[in-house]
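Structure first, commentary second.
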Amino acid sequence: MIPKLELVPHPRFPEYYQICKRTGVCFYKPGKTREYKDSYFLEEYRNQYHKTYYEDESSLRELARKRLRMLERFLKPNGSTLFELGSAAGFFLDEARNAGFQVSGLEISPAEVEYSVKTLGLDVIRASFLEENVLQGSSYDAVAAFFVVEHFPDADFAFEKLTGLVKPGGFLFLGLPSLYGPTFQTNPQEWFRMHPEDHFWDYSPGSLKKMLKGYGFTTEYKKPMSYHPSRDRGWRGKTLSHRLFARLSDLTCYGDTFHLIAQKKQT
């Protein structure tokens with residue numbers, strides 16, 4: 001039986017968080033649901049990166065190829081099936097197809113689904129992951145979700161469904177914000193000031209590893225997505241060089257965002 005999250009008030013930030021006493025996963029109490037239309041997708045991206053999603057295509061494709069190199073350390077393409085939850089315009093899926101994966105995706109934005117299907121020729125369906133019958137009976141060698149899982153109010157439901165899509169011996173590949181990074185660890189006021197209101201759950205590499213273990217997964221890989229020593233207040237106000245900070249961050253997965261790959265046990 002899969003253990004459910006057991007929430008209690010956070011010892012330091014009870015006004016913001018409830019924390020699972022078993023895993024350390026945190027529920028953001030002020031979280032609010034919102035409707036994810038095309039305007040959300042395009043405006044949020046522009047607000048964060050100061051360019052449109054499509055203007056940033058080259059860097060997004062390079063990030064996709066970088067992610068695929070991570071995954072290919074554990075799973076060779078050679079016709080392996082790969083599904084992406086929240087596939088946006090399909091750049092990651094397109095690069096995965098070019099690498100030799102059999103790809104498919106799910107996206108809620110009508111414009112992004114149209115671009116994926118009509119322009120890139122991808123197998124992407126438009127639906128909400130929360131719909132009961134969506135993807136029923138489907139299974140894949142790899143399931144990817146980048147900056148998606150934190151948006152679901154019911155983490156137990158979302159992870160049970162998400163992990164159920166992975167074949168025995170297959171892999172779950174996630175990218176998400178991290179509580180074990182310089183912002184939350186050394187400047188929590190800034191973390192809460194910038195916290196998106198539609199992020200309901202916050203994870204660290206350690207808490208996510210514990211949570212996935214309950215679903216029969218073993219974490220095989222975890223690393224920060226980027227390095228920001230300037231965000232770390234450091235020891236007595238001192239900061240490390242970028243090179244040293246990056247080396248230590250890689251060793252401990254210390255970053256404001258991280259990637260994690262976990263393998264589902266064989267039945």
Side-chain angles (χ1 to χ4, degrees), residues 36 38 40-77 80-109 111-113 115-116 119-124 140-151 162 171-178 180-183 194 196 199 203 205 208 219-231 242 245-246 249-250 253-262:
Y36 298 106
D38 295 335
Y40 167 86
F41 183 83
L42 297 174
E43 290 168 8
E44 288 292 315
Y45 197 90
R46 187 184 293 110
N47 290 339
Q48 186 169 355
Y49 299 105
H50 309 294
K51 61 177 72 175
T52 70
Y53 183 82
Y54 295 98
E55 288 172 344
D56 208 22
E57 179 176 352
S58 60
S59 61
L60 288 167
R61 285 186 177 275
E62 176 54 37
L63 175 59
R65 291 190 289 270
K66 179 180 177 181
R67 284 170 167 163
L68 288 165
R69 289 193 292 271
M70 297 175 197
L71 180 60
E72 288 170 20
R73 295 173 57 178
F74 307 97
L75 177 67
K76 301 304 178 186
S80 297
T81 54
L82 184 152
F83 170 81
E84 184 182 10
L85 173 63
S87 53
F91 299 146
F92 175 77
L93 289 180
D94 196 35
E95 293 294 336
R97 180 175 59 184
N98 293 340
F101 286 96
Q102 296 181 43
V103 302
S104 58
L106 184 147
E107 170 59 44
I108 200 168
S109 165
E112 307 314 314
V113 172
Y115 187 88
S116 300
T119 303
L120 299 182
L122 292 166
D123 176 16
V124 174
Y140 308 91
D141 296 308
V143 172
F146 305 115
F147 296 101
V148 174
V149 296
E150 63 272 20
H151 290 267
L162 188 65
F171 294 88
L172 181 63
F173 188 5
L174 301 175
L176 61 168
S178 178
Y180 187 63
T183 302
M194 297 295 293
H199 287 194
Y203 305 83
L208 186 58
T219 295
E220 300 290 350
Y221 176 94
K222 57 182 188 299
K223 276 202 174 173
M225 289 190 193
S226 57
Y227 310 100
H228 299 282
S230 63
R231 296 179 186 175
H242 191 281
F245 183 87
S249 294
D250 279 342
C253 198
Y254 183 69
D256 285 338
T257 55
F258 70 107
H259 287 117
L260 181 144
I261 299 174

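The chain is numbered in sequence order, starting from 1.
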Quick note, side chain to side chain donor-acceptor pair (under 3.5 Å) partners involving residues 140-149, not counting sequence neighbours, are Thr81-Asp141

Residues at least two apart in sequence or cross-chain that pass salt bridge (charged side-chain N to carboxylate O under 4.0 Å, His left out) with Arg69, listed by chain then number, are Glu62

Hits for side chain to side chain donor-acceptor pair (under 3.5 Å) against Thr183, two or more places apart or cross-chain, chain-then-number order -> Asp256

Applied to residues 86-96, the salt bridge (charged side-chain N to carboxylate O under 4.0 Å, His left out) test, sequence neighbours excluded, yields Arg61-Asp94, Arg61-Glu95, Arg65-Glu95, Asp94-Arg97

Residues passing the side-chain contact (heavy atoms from CB on, under 4.5 Å) test with Ser230, sequence neighbours excluded, are none

* So, do Pro182 and Pro229 sit near enough that their side-chain heavy atoms are less than 4.5 Å apart? -> no

inquiry  = Tell me if a side-chain donor or acceptor on Thr219 pairs with a main-chain N or O of Ala262 at a distance below 3.5 Å.
reply    = no

Taken in chain and number order and not counting sequence neighbours, the residues that satisfy ring pair (Phe, Tyr, Trp, His ring centres under 6.0 Å) with Tyr227 are none

By ring pair (Phe, Tyr, Trp, His ring centres under 6.0 Å), His259 pairs with (sequence neighbours left out) Phe173

Is there a side-chain contact between Phe92 and Leu63 in this structure, where contact means two heavy atoms from C-beta onward sitting under 4.5 Å apart? no

Smallest heavy-atom separation, Pro224 atom then Gly255 atom, equals CB-CA, 4.1 Å

key: Side-chain touch Phe101/Glu72, heavy atoms, less than 4.5 angstrom   = yes

Between Met225 and Gly175 the two heavy atoms that sit nearest each other are CE-CA, 3.4 Å

Sequence neighbours excluded, the answer for ring pair (Phe, Tyr, Trp, His ring centres under 6.0 Å) partners of Tyr203 is Phe159

The side chain to side chain donor-acceptor pair (under 3.5 Å) partners of Thr119 (sequence neighbours excluded) come to none

Across all chains, not counting sequence neighbours, the side-chain contact (heavy atoms from CB on, under 4.5 Å) partners of Asp56 are Tyr45, Lys51, Ser59, Leu60

Sorted by chain and residue number, the side-chain contact (heavy atoms from CB on, under 4.5 Å) partners of Val148 (sequence neighbours excluded) come out as Leu85, Ala145, Phe152

The side-chain contact (heavy atoms from CB on, under 4.5 Å) partners of Lys76 (sequence neighbours excluded) come to Asn78

Leu93 and Ser87 have their tightest heavy-atom pair at CD1-CB, 3.7 Å

Next item on the list: Could you check if a side-chain atom of Phe147 sits within less than 4.5 angstrom of a side-chain atom of Pro177, using non-hydrogen atoms only?
Entry: yes

Q) Is the side chain of Ser104 donor-acceptor paired with the backbone N or O of Val124 at a distance under 3.5 Å, no angle test? A) no

